Structures are given as structure tokens and as C-alpha cells.
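Please read the structure below before turning to the comments.
Just so you know, these numbers use all the heavy atoms, side chains as well, and skip hydrogens, waters and symmetry mates. Each chain gets a letter, A, B and so on, in the order its sequence line appears, and its residues count up from 1. If you're wondering where the values come from, they're calculated on a predicted model, not measured in any experiment.
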Amino acid sequence: MVDADMEDSEKKAPSVIDRYFTRWYKTDLKGKACEDHCILQHSNRICVITLAESHPILQNGRKIKNINYQISDGCSRLKNKVSGKSKRGGQFLTEFAPLCRITCTDEKEYTIFSCIRGRLLEVNEAILNKPDLLLEKPSTEGYIAVILPKFEESKSVTEGLLTREQYEEVLTKRNQQEEPC
Amino acid sequence: MLSLKEKDRPIVRKLLCAGCCVRCVLRFCCVGTSSAYRRSYQELLAFISEENSPQSHDASGEEKSSDAPPNKRMRIDEDSVTAAQTDSDICPVCLGVLQDFCDPGFAEQVSDAVKKQQYEFDSLVLTVSLPAQLSVREVSPAASLLNDSQYLEKSMCLGKDDVIQVKDAFKWAVQGKIGQELGAAVVANVSSPCEVSISFIHPETEEDCHFLYVAVFLSVSQSVFTRMAVVKALEKISEEKFSRHYPCPPKKANTRCTALDTTCLHTSVFIAGRYNKFSRELPQTPWVIDGERRMDGSVEELIAAPLLSSFRADGFNFSSSGREDVDVRTLGNGRPFAVELLNPHRAKFNRAEIKQLQETINQSSDKIRVRDLQIVTRDATSRMKEGEEEKTKTYSALIWTQKAIESPDLEFLANIKDLRIAQKTPLRVLHRRPLAVRQRLVHSMTTIYLDKHHFTLKLCTQAGTYIKEFVHGDFGRTKPNLCDLMKTDADILELDVESVDIDWPPAIPD
């Protein structure tokens with residue numbers, strides 16, 4: 001659906017994400033079909049974890065029933081507290097550390113993962129109050145978490161992630177195989 | 001003439017027997033007249049010998065005094081007037097500092113070294129650094145003299161503190177000549193911005209202080225004995241323990257002290273002003289990542305370069321009341337800044353010369369402009385930092401909106417006053433700033449409609465407000481933001497600082 005106004009706005013200069021971030025992707029997390037994540041890596045090495053546009057939660061008009069940051073009896077991502085410039089105290093995450101569990105109204109449950117190694121700085125509490133943010137603006141206001149990789153690992157942290165082009169190839173292949181999500 | 005008294009005689013004798021030089025003798029006799037130390041070594045030696053052997057006023061005695069090699073100490077004894085037992089000429093207490101180094105020759109050497117460095121000054125402060133071992137050697141004769149009842153009597157009246165320090169005696173001896181050579185007054189500490197430092201070391205006796213550490217601290221925990229540590233240890237150690245471990249009088253040395261190169265230091269000079277930045281490709285400070293320069297030039301380098309060369313300074317520190325990003329211009333009256341020039345070889349400039357410097361900076365590049373350039377005191381720079389937290393700033397931003405807008409759609413913004421916003425630390429600075437939420441005020445806004453997707457937004461905000469994040473929302477981490485207010489995605493294409501509202505530094509009319 002393209003109207004005159006949309007055309008105008010597309011002529012604009014690169015967005016905030018385009019200007020400062022590189023998009024990386026991890027697809028089929030833990031072997032689960034289409035559970036794709038998008039990692040926005042800032043030029044200052046900070047990473048924002050978001051749902052990729054192909055994630056099941058964002059398909060077929062699904063609605064979110066519940067978002068839970070309590071990932072185990074002993075661990076809630078909401079309790080994460082960092083202090084000082086070096087962000088001491090932040091929970092250290094590895095690639096498959098769960099960030100939160102999202103339950104949709106159709107009872108399907110999805111776990112969102114860290115995808116990278118680093119210190120958890122914050123999780124998005126705005127989506128607890130307003131889950132629609134996650135559906136409407138998954139790449140900006142609906143982000144899941146902010147992670148700070150170790151300085152020494154700034155570059156290597158994206159090894160094993162897909163570039164935008166590689167991600168689009170994966171999508172193309174899926175469409176050809178007509179995998180339902 | 002040197003105010004030595006009868007009762008000083010036995011002390012003098014004892015010290016000379018120990019091999020002390022004549023100036024150290026004067027010191028332990030508490031001679032406090034600075035001129036005494038300026039007299040030549042021969043004069044002093046002759047005087048003391050006379051004073052101490054009244055019997056040898058005969059020709060032979062005098063001849064002996066004046067024929068003897070200048071540094072040889074006479075054994076002053078009524079029984080035998082033979083040459084001293086000393087093989088080495090070096091005073092065991094001052095290790096030579098108060099001997100040859102007090103000759104005019106050394107003062108000339110020092111002065112030449114200063115002249116070579118081409119400083120401009122009217123006055124200077126002389127600082128002297130002595131090896132730590134000297135504190136130990138100083139205590140030794142005092143300790144032995146304390147056993148001397150006559151010294152005890154004298155010191156009880158005047159206090160041990162009346163013994164003249166080696167440092168003071170040395171300065172008294174040389175400062176006149178140095179001042180003469182350099183055409184400047186030698187003054188007391190903090191009265192002059194220019195400091196000339198003379199340092200002595202004595203490698204031969206560096207181990208002297210070892211015993212102190214073992215005796216007092218029960219260990220040798222460091223290989224370098226700082227003067228402070230030695231002084232502290234000397235305060236702690238008992239006299240009895242001291243004399244057990246350290247010979248009285250101190251052991252003779254084979255070498256005298258070595259003088260290190262004379263160094264000069266001028267206190268920093270502060271230059272303040274306000275700068276404009278007209279380029280959107282100029283960082284305020286050099287942009288270097290991993291040793292690689294990412295963008296050429298910087299505001300601070302453009303301002304400091306002519307200053308560094310005119311003041312002939314070794315380096316600089318640049319500070320300002322806040323900063324702007326590389327891609328942001330600073331318009332209006334500009335942003336206050338201060339440059340600290342380190343060790344300037346020239347520090348005196350009149351108003352016209354500073355004006356000229358300002359012109360030079362302004363001619364050097366069209367990317368920046370400087371005004372109100374002036375020399376200020378160090379304290380004045382704290383006024384500048386005040387502004388960072390307290391004052392307001394005004395900005396002009398070019399806004400893009402996703403939805404199409406018409407002029408009336410912008411009117412409501414002008415009616416919003418003192419809007420409270422909460423800004424989490426922006427992601428773009430979060431790697432080097434603590435994570436926090438900042439409450440800030442957007443005092444007022446005005447708009448200029450440009451087209452369906454663009455308008456100019458002018459804002460006046462509290463200091464410390466992140467404007468870019470207020471516009472695009474920073475992933476919703478600044479609330480409320482312009483996108484919320486206008487109910488559309490919005491982005492900031494250009495930003496200018498229109499004014500930094502501090503009235504410092506004082507304006508200099510053209």
C-alpha cells in the first residue's frame with residue numbers, strides 16, 4: 001500500500017538505526033522454525049536485541065497475553081542492576097541465555113534469547129505495560145534488551161550471526177519451501 | 001663578623017675533627033645570617049681557623065691557614081697543628097653540596113642552563129632537591145653533639161630547629177649570583193610563577209637509608225627511598241637506636257654529590273574565550289580510535305595551536321562549558337572555553353597582543369571563530385564549569401516527520417512550557433556513561449514550517465538535555481519525546497546550538 005505521503009517519507013535520509021547501527025540476525029533459534037532475532041549493533045559496540053520481522057509473534061495478527069522476565073526461580077531479568085561507568089553488577093549472558101518468555105493469546109509460548117555474549121544493561125519494561133509496542137514497533141520502542149559486550153569481544157561478538165543479506169537469503173529460501181510460521 | 005661565640009668553639013672543633021666543611025660548621029652553630037654563607041670558602045676557613053686557635057695568630061699559624069689547600073680541614077688542636085687526617089675532601093654531612101657547589105662557577109652554570117631554555121621572567125623561585133641520605137647524615141652529628149653538654153645547653157635555649165638546614169644555606173650561598181646572572185629577583189615560594197630546580201643525587205650512599213627501614217619498618221619494602229619515608233622514619237627512630245646503627249660522625253664519602261641538569265618550570269597560564277563552530281565535520285577534541293585518526297582536525301587543536309607557539313608552551317589542556325557533537329554547529333555568541341597552557345616560556349601579553357592572537361586563530365580556519373579571548377586566573381575556570389549544570393541553552397533543529405503535516409499542526413508546540421522529560425542515558429553514549437534516568441526541562445519551543453515533512457524546531461532547554469534523543473525518542477527511552485507529542489515518527493536531520501547562556505568570560509568589545 002503506497003500512497004503519495006509514503007513515497008515522500010521514503011526519500012528521507014537514513015533513519016537513526018541506519019545511521020548508527022548494523023543489523024545482524026540469528027535465525028531459527030534453538031532449532032525452532034522461524035524464531036528469528038535481530039541484533040542491532042551500535043558503532044559504540046552496544047547491542048539492542050529485537051525480534052526480527054519474520055518472528056512468529058509478529059505474524060498472523062497474533063496478540064500478546066503475557067511477557068515474563070522471570071526466566072527461572074532464581075533469576076529475573078527485571079532484577080538486573082548496573083552501576084557506574086563499567087556497568088558492574090549486570091547479569092552476564094551467553095548466546096543462549098533466555099531474556100524473557102512471551103505467551104500469545106493463542107497459548108503459543110516463545111523464548112527470546114540473548115544471541116550474543118555480554119553484560120545485560122537493561123530490559124524493556126515499557127512492553128510489560130504495553131505489549132502492543134512489541135507488535136507495532138519491534139525494531140524501536142518494542143526492543144527486548146540492551147547488552148554491552150566485553151570490550152575485547154566487541155568485534156567478535158557478531159561472529160556466527162547473519163548479515164542483512166544473508167538473512168534475506170534465508171527468508172527467500174523459506175518462501176520457496178513455503179514453511180509455515 | 002660571623003657571630004660565632006666563645007661557647008661555639010668546642011662545637012666547631014668537634015665538627016672540624018669529624019671532617020665537616022666550614023658552612024656545615026656555621027649551620028650547626030645556628031648562624032642565621034644569609035650573607036655569611038656567601039663568603040668564599042677560603043675566607044670562611046681562615047676565619048674559623050683563627051677563631052679556634054688563638055695561639056696560632058703567629059705567622060706560622062696564619063701561613064698554614066692560607067697556604068693549605070682550600071678544602072683541607074685543619075686539625076684544630078692546641079697540642080698539634082698538623083694537617084687534617086682526612087684523605088677525602090668531602091664533607092660527610094652535606095656531601096659537598098655546601099662546598100664547591102656554592103662557588104660562583106656553579107651558579108653561572110645554573111644560570112646558563114636557564115638562559116638556554118629561553119624563558120621570559122622577572123623573578124624566580126629556587127627549589128633545591130637533596131638526596132634523602134642527607135637527612136640521615138644531618139642527624140648524626142646532632143646526635144653526637146647532644147652528648148656534648150655545651151651543645152645541649154645551647155640547643156636547649158634555641159631548640160634543635162635552629163640548626164640551619166642544608167637547603168637554606170645552599171640557597172643563601174647561590175641565589176645572589178644566580179639572580180645577578182639572570183637579571184631577575186630570586187624570591188620565596190609561591191611569589192613567582194617561574195621555578196628553577198636544582199637537584200642533587202649521591203649514588204654512592206644510596207644504601208645509607210637501608211638501616212632505617214629495617215630498624216623502623218622491620219623490612220625493606222621498597223627499593224627507592226623517598227625523602228618523605230626517610231623523614232618519617234627518622235621521626236620514629238629513637239636516638240639510642242639510631243646511634244647503634246649509624247656511625248657518629250657519618251662515614252666519609254669518596255665522591256661528592258652530582259648535580260642533575262637544572263630544570264625550569266613556569267606555572268600554567270589560562271586563556272579563556274568563546275568559540276563558534278561552523279563545520280558539521282569537526283569534532284571538539286581529536287577523534288582517535290585505536291591509534292588511528294578518524295577525522296582531521298578538532299576545535300581544540302585549531303584554538304590551541306597559535307597559543308602554544310606564541311606562549312611557547314610545552315602542552316595544553318582544553319576545557320569548555322559543555323560540548324557539541326561533530327555534526328552540530330555552534331552559532332550565536334559561542335561556547336565558553338578555557339585553555340591551560342603548560343610551562344609557557346613566555347607569559348606576559350598585553351591586550352593588543354591577545355587581540356592579535358585572536359585574529360590569528362580566526363584567520364587560520366573558517367571552521368571556527370573565537371571571541372573574547374583573554375588571560376584569566378585558574379579559579380576563573382570553575383565559573384565555566386558552573387554553567388554546564390545550571391544554565392540554559394537554545395537550539396535550532398531540522399525535523400523530519402513521517403506523517404504529512406501542515407503549518408497549523410505545529411502550533412500546539414509553542415504553547416508547551418517547561419515540559420518535564422525523563423531521559424535514560426542515550427544508547428549512543430551508554431558505553432562510556434553510567435546508566436541513569438535524567439529529569440530535564442524543555443522550557444519552550446517555537447517552530448517554522450518548511451514543507452509536508454520538514455520543519456525547524458527551536459528549543460530552549462535545561463543544561464544537560466539530549467536534544468537528538470528528545471526528537472527521535474531513542475527507542476522510547478526518552479519520554480515524552482517529539483514523536484509522542486506529534487504522534488508520528490520523527491527524526492532530527494540537523495542541529496545547531498544557538499546560544500549557551502552563561503555570561504562568562506566577560507565580553508571584550510572589539
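The closest donor-acceptor contact from the side chain of Asp491(B) to the backbone of Ser15(A) lies at 3.5 Å or more, if one exists at all. When atom types are taken as modelled, the side chain of Lys85(A) and the backbone of His431(B) share no donor-acceptor pair closer than 3.5 angstrom.
With a 6.0 Å radius and a threshold of 12 heavy atoms from other residues, nucleotides or ligands, Lys79(A) has its NZ atom at or below the threshold. In this structure, Arg323(B) places its CZ atom where only 12 or fewer heavy-atom neighbours from other residues, nucleotides or ligands lie under 6.0 Å away. In this structure, Arg420(B) places its CZ atom where only 12 or fewer heavy-atom neighbours from other residues, nucleotides or ligands lie under 6.0 Å away. Applying the 6.0 Å contact sphere to CD of Glu152(A) captures more than 12 heavy atoms from other residues, nucleotides or ligands. Residue Arg88(A) qualifies as open at atom CZ: its count of foreign heavy atoms under 6.0 Å is 12 or below. Counting heavy-atom neighbours within 6.0 Å of Asp325(B) CG, excluding the residue itself, gives a total above 12.
Contact check for Phe21(A) versus Leu427(B): side-chain heavy atoms found under the 4.5 Å cut-off. Side-chain contact check for Thr140(A) versus His472(B): every heavy-atom pair is 4.5 Å or farther apart. Inter-residue side-chain proximity for Glu141(A) and Asp474(B) is flagged as unmet; no heavy-atom pair is nearer than 4.5 Å. Put simply, the side chain of Leu40(A) reaches to within 4.5 Å of the side chain of Phe475(B), judged on heavy atoms. Annotation: side chain of Tyr143(A) is in contact with side chain of Arg477(B) (closest heavy-atom distance under 4.5 Å).
Contact of Leu133(A) with chain B is not made at all, since no heavy-atom distance falls under 4.5 Å. Using a 4.5 Å cut-off between heavy atoms, Ser83(A) does not touch chain B at all.
Taken to the nearest 0.5 Å, the CG atom of Leu430(B) stands 5.0 Å off from the NZ atom of Lys87(A).
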Could you walk me through whether Ile46(A) and Arg428(B) pass the side-chain contact (heavy atoms from CB on, under 4.5 Å) check? CA-CA 8 Å; Ile46(A) 286 190; Arg428(B) 66 184 166 95; over 6 Å; no
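Of all the heavy atoms in Arg19(A) and Ile492(B), the pair that sits closest is NH2-O, 3.8 Å.
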